[in-house]
Amino acid sequence: MGNYRIAVIPGDGIGPEVVNGTCEVLLEIGRKFGHTFRFDELLAGGSAIDATGDPLPAATLAACKRADAVLLGAVGGPKWDTLPGKSRPEKALLGLREGLGLYANLRPAVLFPQLAGASPLKEDLVSSGIDVLIVRELTGGIYFGDRGRRDGGLTQDGIAKGEEAYDTEAYSVLEIERIVRLGLSLSRGRDRRAVIVDKANILESSRLWREVTERLHPEYEDVQVEYMYVDNASMQLVRRPSEFDVIITSNMFGDILSDEAGMITGSIGMLPSASLGAPGQPGMYEPVHGSAPDIAGKNLANPLATILSAAMMLRWSFSLENEAKAIENAVSRVLSEGYRTKDIAYEEENVILGTKEMTEKVILSIV
Ligand code: IPM
Ligand code: MG
């Protein structure tokens with residue numbers, strides 16, 4: 001029986017709806033399995049800008065550091081879109097990732113067989129299932145590299161280019177090693193096949209990724225390692241999605257590929273994520289989808305990605321595998337019974353539920 005303190009950041013848009021329901025799901029797990037979950041609600045993102053002027057108030061980061069894990073909804077919305085880079089809601093996410101040292105982002109893209117028809121891919125491509133784990137580096141690369149504006153100088157013909165903006169992709173051996181090690185160890189609990197996705201035909205940083213991986217591979221001999229350029233990988237993901245097991249990649253490529261992987265599994269509304277740092281540090285759990293301001297407050301959002309993120313929290317932060325499975329099985333059961341939120345409904349016999357009703361169904365299905 002455990003006692004867990006969870007820092008909860010509902011955030012903006014549909015964030016509060018999906019997060020509140022997920023806390024109810026956790027409380028039900030607590031009742032069934034004899035754990036206590038305490039929630040500490042915190043401000044970050046647009047709502048924090050409105051309340052304090054700062055997308056990530058120091059008090060929020062400090063409280064997250066003290067917690068056993070962080071549950072986050074989503075941040076951002078049109079209201080804050082015109083703010084300069086440093087004061088945008090997204091800054092909260094980057095600040096949390098950096099501040100908590102969350103260098104590894106696990107994004108499983110799993111096609112629930114019940115939702116095969118919701119995938120935009122042809123049936124024969126998805127009939128053997130999709131179960132990809134994207135392991136995205138999260139605190140390095142172009143997201144955190146040197147950036148700025150400068151004078152662009154002259155073209156070869158002596159014409160002034162005007163102002164120039166730049167961002168930098170930089171990766172150190174330490175950063176590459178820890179993410180590749182994690183990805184390869186995770187492959188061991190799966191199909192033992194990892195693909196390093198990069199752009200080594202162009203980028204020096206990608207060439208270092210390959211060098212480091214080659215050096216580490218002997219320690220993980222039992223895992224098959226392949227290298228793939230990101231342009232090819234984005235094509236192969238729609239051409240033969242079932243053949244991927246683990247994808248290990250940089251911050252930017254992981255951002256892009258995880259949206260693609262999400263789409264082919266039917267709906268981004270189903271995809272959970274875990275962001276992990278050094279052992280003993282709190283992990284952060286959030287749905288892959290954004291704040292969806294267009295449907296916020298309408299009881300239309302799909303809560304399953306956030307609920308499944310809570311399952312990842314139980315598994316990765318608290319080592320509560322049975323409890324994690326209990327949530328995943330409940331979600332699967334509800335889908336088998338034909339219940340759907342609007343984004344994943346595609347058959348006439350589907351029963352369409354709102355956010356609250358879907359959450360209740362999941363709670364009732366936890367055994
Ligand atoms: C994600 C999001 C974020 C990212 C944005 C909102 C900063 O797209 O988590 O995938 O680019 O990492
Ligand atoms: Mg993204």
Side-chain angles (χ1 to χ4, degrees), residues 9-15 18-19 43-49 54-56 60-61 64 70-109 132-145 147 167-169 171 175 179 197 230 233-234 237 247-265 267-277 283-294 296 301-302 305-306 308-309 312-313 316:
I9 303 176
D12 310 315
I14 59 173
V18 293
V19 159
L43 281 176
S47 47
I49 297 174
D54 184 351
L56 181 60
T60 295
L61 183 57
C64 290
V70 182
L71 178 69
L72 184 140
V75 296
K79 180 172 174 196
W80 307 282
D81 266 351
T82 48
L83 292 171
K86 281 199 191 76
S87 28
R88 289 175 61 100
E90 289 81 359
K91 200 68 200 158
L93 266 186
L94 298 192
L96 284 164
R97 290 170 183 172
E98 189 178 24
L100 299 172
L102 305 170
Y103 66 85
N105 187 210
L106 312 188
R107 296 191 163 182
V132 188
L133 175 65
I134 297 191
V135 180
R136 168 189 179 194
E137 199 291 325
L138 202 60
T139 49
I142 201 164
Y143 273 62
F144 290 92
R147 79 186 77 240
D167 301 272
T168 318
E169 175 85 348
Y171 268 112
E175 289 171 316
I179 192 75
V197 172
V230 63
S234 70
L237 262 175
I247 290 178
I248 308 172
T249 192
S250 65
N251 206 340
M252 173 89 121
F253 295 158
D255 177 45
I256 298 168
L257 291 180
S258 59
D259 270 28
E260 186 188 2
M263 191 63 224
I264 61 182
T265 63
S267 168
I268 199 165
M270 293 297 298
L271 297 183
S273 81
S275 302
L276 307 176
M284 184 162 84
Y285 299 83
E286 54 174 315
V288 170
H289 63 69
S291 60
D294 51 320
N302 183 348
T306 315
L308 291 168
S309 300
M312 291 189 86
M313 175 190 292
W316 295 107

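In each ligand, atom 1 is the first atom listed, and ligand 1 is the first ligand listed. Note: hydrogens, waters and symmetry copies are ignored here, and every other heavy atom, side chains too, is used.
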Quick check: do Met312 and Leu308 have side-chain heavy atoms less than 4.5 Å from each other? no

If we only count heavy atoms from C-beta on, is the Met284 to Leu72 side-chain gap below 4.5 Å? yes

With side chains defined as the heavy atoms from C-beta onward, is the minimum distance between Asp259 and Ile268 less than 4.5 Å? yes

If we ignore hydrogens and angles and just use 3.5 Å, is the side chain of Ser258 paired with the main-chain N or O of Gly254 as donor and acceptor? yes

Say whether, by atom type as modelled, one donor and one acceptor occur between the side chain of Asp12 and the main chain of Gly46 under 3.5 angstrom. yes

Kindly indicate whether the side chain of Ile14, heavy atoms from C-beta on, has any atom under 4.5 Å from the side chain of His289. yes

Less than 2.8 Å away from the Mg ion (ligand 2), how many protein N/O/S atoms can be counted, ignoring water? 1

Is there a side-chain contact between Leu61 and Leu100 in this structure, where contact means two heavy atoms from C-beta onward sitting under 4.5 Å apart? yes

Asp81: partners by salt bridge (charged side-chain N to carboxylate O under 4.0 Å, His left out), with sequence neighbours left out: Arg88

Residue set satisfying side-chain contact (heavy atoms from CB on, under 4.5 Å) with Val197, at least two apart, ordered chain then number -> Val195, Val230, Ala233, Ile247, Thr249, Leu257

Less than 4.0 Å from some atom of ligand 1, heavy atoms are found in residues Glu90, Leu93, Arg97, Arg107, Arg136, Tyr143, Asp255

